[in-house]
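Input: a single structure, listed below in structure tokens.
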Amino acid sequence: MTTGKNYIGNTLSAKGTTTYKTFNPKTNSENETVFTEATSEEIEEAVHLASEAFKTYRTISGTKKAAFLNTIADEILVLDDELIQTYMSESGLPEGRAKGERGRTIGQLQTFAKLVEEGSWVEARIDPAQPDRTPNPRVDLRKMSVPIGPIVVFGASNFPLAFSTAGGDTASALASGCPVIVKSHPMHAGTGELVASAIIKAAEKTGMPNGVFSNLNSSGIEVGQALVKHPKIKGVGFTGSIRGGRALFDLAAKRKEPIPVFAEMGSINPVVLLPKALETKAASWAKTYANSITLGTGQFCTNPGLILGIKSEGFTNFVNTLSEEIVKIQPQCMLHPNIHKAYNKNKTEAQQQTHVETVATIEKPETENFAQQAVVTVDGKTFLENNTLHEEVFGPFSLIVQCENATELAEIIANLEGQLTGTIISEENEVSDHPNIINALSNRVGRIIFNGVPTGVEVAPAMLHGGPYPASTDSRFTAVGRDAIKRWVRPFSYQDWPNELLPNELKNENPLNILRLVNNQETKDAL
């Protein structure tokens, strides 16, 4: 029997007596490895090591942090087929998805490596002293971003690599100078342990302090709760359900020292179909959205779960074609029997609401844990009055709302909860005819898409993966892209500090050659 263990810094540990196994949804059976639940002693040790590591890691150079991040990427690649096969056995996802997600994970690590090696991300601000200024002399002020301390990252169920052990939260926190403790997701603990081994090897190869990273296993909520409540933990990263994210947010707020929880949670990602766009391209857009709704079995946070339009012949053609196309797509395996069960429950609840009509569904697949995609429709008035229809159905499902007019459409959008994305499908120049709709949608989402699909989140500086609550707990920040690093830092100012004692980022000589704001002018010049 193979035993999965916890990484407490660079030491493997399995002190607990509570065990569990991961599950292969495709074979509908448990995997062989037995994982050991982290004990309170192991939690305490991991937090202590992280707190001690922070004392030195917080001031380590960007060049050394970049080497660490790049070496993590290299070590993940060394895991090769063992990682891919483990990923597949714990998620039911295909090989292509596994390799694609591995590539994204490596790309994120390398992106943050480049960011910290260059160094300007700290946003150095220098206002030199003006002792002769009248009537009030100015003191010397210098400001930059500094890391906040040990961070807890929760692995995500639907992204075993890109949003988990070495995913965006971990990569950005390590890049900022914060040690990380990952609470591994129980659905893919084997994948997490392999990636954790790569991070530990990279830390040892690049001389990082012991405790800069730990990985703790748990099948329940107790380990995560204990980590969030621990006074030495200074921030939390989470990707998952509204219920889970809000529970962590509330727990962190009740601490004697409240800490930030950056949670990316539920979203139904509304898609608005403007009338002219459907006059000639209804069938084309319907086929596109049949694929988007079912992509990854609908298990993306940006899945288009809500489609809005104004009643017309073109909209009817769209609904009919979408209904025909979506049932042609082969059902796919969901991540876990519990997720499949929740999908069926929430889908059925939506279908059973008054005035809701199911316009497309697929016969129950013969294979366990394979999802039945479905499309339902309802009128705008009913949708406005029934909040149950506003809730996310996590899986290959979409609700179509047929509005009487543009006024009702704008009212519905204005009454939605916060979302990660919103999409406008429009003919050229048509969008300018509907400013109320565009303004309402912009106020409800973090990213607005023109003539495309929400599925797919590019790792890029301009990406915003977040949005008004409950899409995320703080709409000012992104979980994807370079700016994700800003979640783990705070501004810090030096007043009249001796030049030789300042961090390199703020010294007169600008030894790092970074871009700084000096006297309100961006420059790389020395003072």
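Only heavy atoms go into these numbers, but all of them, side chains included; no hydrogens, no water, no symmetry mates.
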From OG1 (Thr367) to CD (Gln332), nearest 0.5 Å: 12.5 Å

So does Ala162 get a backbone contact from the side chain of Thr105, meaning a donor-acceptor N/O pair under 3.5 Å? yes

If you take the centroid of each ring, where Trp contributes its six-membered ring, are Phe397 and Tyr343 closer together than 6.0 Å? no

Kindly determine whether Thr377 and Gln402 satisfy side-chain hydrogen bond (donor to acceptor under 3.5 Å, both in side chains), including the steps that lead there. CA-CA 7 Å; Thr377 186; Gln402 302 198 43; 3.0 Å; yes

With side chains defined as the heavy atoms from C-beta onward, is the minimum distance between Trp121 and Ile485 less than 4.5 Å? yes

Between Gln521 and Thr523, does any side-chain donor sit less than 3.5 Å from a side-chain acceptor? no

Between Gln373 and Thr294, do the side chains contain a donor N or O and an acceptor N or O under 3.5 Å apart? no

For Thr421, enumerate each residue passing the side-chain hydrogen bond (donor to acceptor under 3.5 Å, both in side chains) test, keeping only those at least two apart in sequence or located in another chain. Asn269

Residue set satisfying ring pair (Phe, Tyr, Trp, His ring centres under 6.0 Å) with Phe300, at least two apart, ordered chain then number -> Phe159

Go through the steps for Glu325 and Lys328 under the test salt bridge (charged side-chain N to carboxylate O under 4.0 Å, His left out), then give the verdict. CA-CA 5 Å; Glu325 293 296 327; Lys328 295 177 183 178; 3.2 Å; yes

Checking Thr361 against Gln372: is there a side-chain donor and acceptor pair closer than 3.5 Å? no

side-chain contact (heavy atoms from CB on, under 4.5 Å) with Lys229: which residues, sequence neighbours excluded? Leu251

Salt bridge (charged side-chain N to carboxylate O under 4.0 Å, His left out) pairs, two or more places apart, involving residues 352-366: none

Polar side chain donor-acceptor pair, Tyr87 to Glu101, under 3.5 angstrom: yes

With a 3.5 Å distance limit and no angle check, can you tell me whether Thr297 reaches the backbone of Met334 through a side-chain donor-acceptor pair? no

Inter- and intrachain pairs under salt bridge (charged side-chain N to carboxylate O under 4.0 Å, His left out), touching residues 293-303, at least two apart: none

Do Ser472 and Glu264 pair up side chain to side chain, a donor and an acceptor below 3.5 Å, judged on atom types alone? no

Do Ser91 and Pro160 touch side chain to side chain, with heavy atoms closer than 4.5 Å? yes

Would a 4.5 Å heavy-atom cut-off, applied to side chains only, mark Leu416 and Pro270 as touching? yes

Any side-chain heavy-atom pair of Tyr469 and Met265 under 4.5 Å: yes

Looking at His390 versus Phe383, is the centre-to-centre ring distance below 6.0 Å? yes

side-chain hydrogen bond (donor to acceptor under 3.5 Å, both in side chains) against His230, all qualifying residues, sequence neighbours excluded: Glu44

Any cation-pi pair here, Arg58 with Phe54, using under 6.0 Å and within 45°? yes

Does some side-chain heavy atom of Leu335 sit less than 4.5 Å from a side-chain heavy atom of Met187? yes

Mind running side-chain hydrogen bond (donor to acceptor under 3.5 Å, both in side chains) on Asn519 and Asp127 for me, showing each step along the way? CA-CA 5 Å; Asn519 275 327; Asp127 296 309; over 6 Å; no

4.5 Å side-chain heavy-atom contact, Leu248 and Phe154: yes

Atom pair OG1 (Thr165) and CG (Asn215), whose distance is rounded to the nearest 0.5 Å: 5.0 Å

Calculate, to the nearest 0.5 Å, the distance between atoms CD and CG belonging to Glu117 and Leu69 respectively. 10.5 Å

For residues 451-460, please give each side-chain donor-acceptor pair under 3.5 Å, one per line with the distance, not counting sequence neighbours.
from	atom 1	to	atom 2	distance (Å)
Asn451	OD1	Ser426	N	2.7
Asn451	ND2	Ser426	O	2.9
Thr455	OG1	Ser292	OG	2.8

Under a plain distance cut-off of 3.5 Å, with no hydrogens placed, do Trp488 and Ser172 share a side-chain donor-acceptor pair? yes

My understanding is that only residues two or more places apart in sequence, or in another chain, count here; which of them pass side-chain contact (heavy atoms from CB on, under 4.5 Å) with Arg125? Glu123, Lys143, Leu517

Which pairs pass salt bridge (charged side-chain N to carboxylate O under 4.0 Å, His left out) with one or both residues in residues 377-388, sequence neighbours excluded? Lys381-Glu385

Taking distance alone, no hydrogens or angles, what donor-acceptor pairs closer than 3.5 Å link side-chain atoms of residues 303-313 to residues at least two apart or in another chain?
from	atom 1	to	atom 2	distance (Å)
Asn303	ND2	Gly395	O	3.3
Lys311	NZ	Glu404	OE2	2.7
Ser312	OG	Gly314	N	3.4
Ser312	OG	Phe315	N	3.0

Short question: side chain of Arg487, backbone of Ala484 - any donor-acceptor pair under 3.5 Å? yes

Ile242 side chain near Glu391 side chain, heavy-atom distance below 4.5 Å: no

Using side-chain heavy atoms (C-beta onward) and a distance below 4.5 Å, is Arg447 in contact with Thr302? yes

To the nearest 0.5 angstrom, please state how far the OG atom of Ser241 sits from the CZ atom of Phe394. 10.0 Å

Parallel, tilted or perpendicular: ring planes of His185 versus His188, cut at 30 and 60 degrees: parallel

Distance-only, no hydrogens or angles: does the Asn386 side chain make a donor-acceptor pair with backbone N or O of Thr382 under 3.5 Å? no

Quick one: which residue pairs count as a salt bridge (charged side-chain N to carboxylate O under 4.0 Å, His left out) with a foot in residues 469-480, not counting sequence neighbours? Asp474-Arg476

Val356: which residues meet the side-chain contact (heavy atoms from CB on, under 4.5 Å) condition with it, sequence neighbours left out? Gln353, Val376, Val378, Leu389

Counting N and O atoms only, with roles assigned by atom type, does the side chain of Ser219 sit under 3.5 Å from a partner on the main chain of Pro186, one being a donor and the other an acceptor? no

Residue that, paired with Val182, satisfies side chain to side chain contact (heavy atoms under 4.5 Å, CB included) out of Thr170, Ile151, Val195: Thr170

Side-chain donor or acceptor of Asn28 paired with backbone N/O of Asn24 under 3.5 Å: no

Roughly how far, to the nearest 0.5 Å, is CG of Asn369 from NZ of Lys341? 12.0 Å

With no hydrogens and no angle check, is any side-chain donor or acceptor of Ser176 less than 3.5 Å from a backbone partner on Ala173? yes

Evaluate salt bridge (charged side-chain N to carboxylate O under 4.0 Å, His left out) for Lys254 paired with Asp250, printing each intermediate quantity in order. CA-CA 6 Å; Lys254 291 177 182 176; Asp250 291 344; 6.0 Å; no

Please confirm whether the backbone N or O of Glu257 pairs with a side-chain atom of Arg255, one donor and one acceptor, at under 3.5 Å? yes

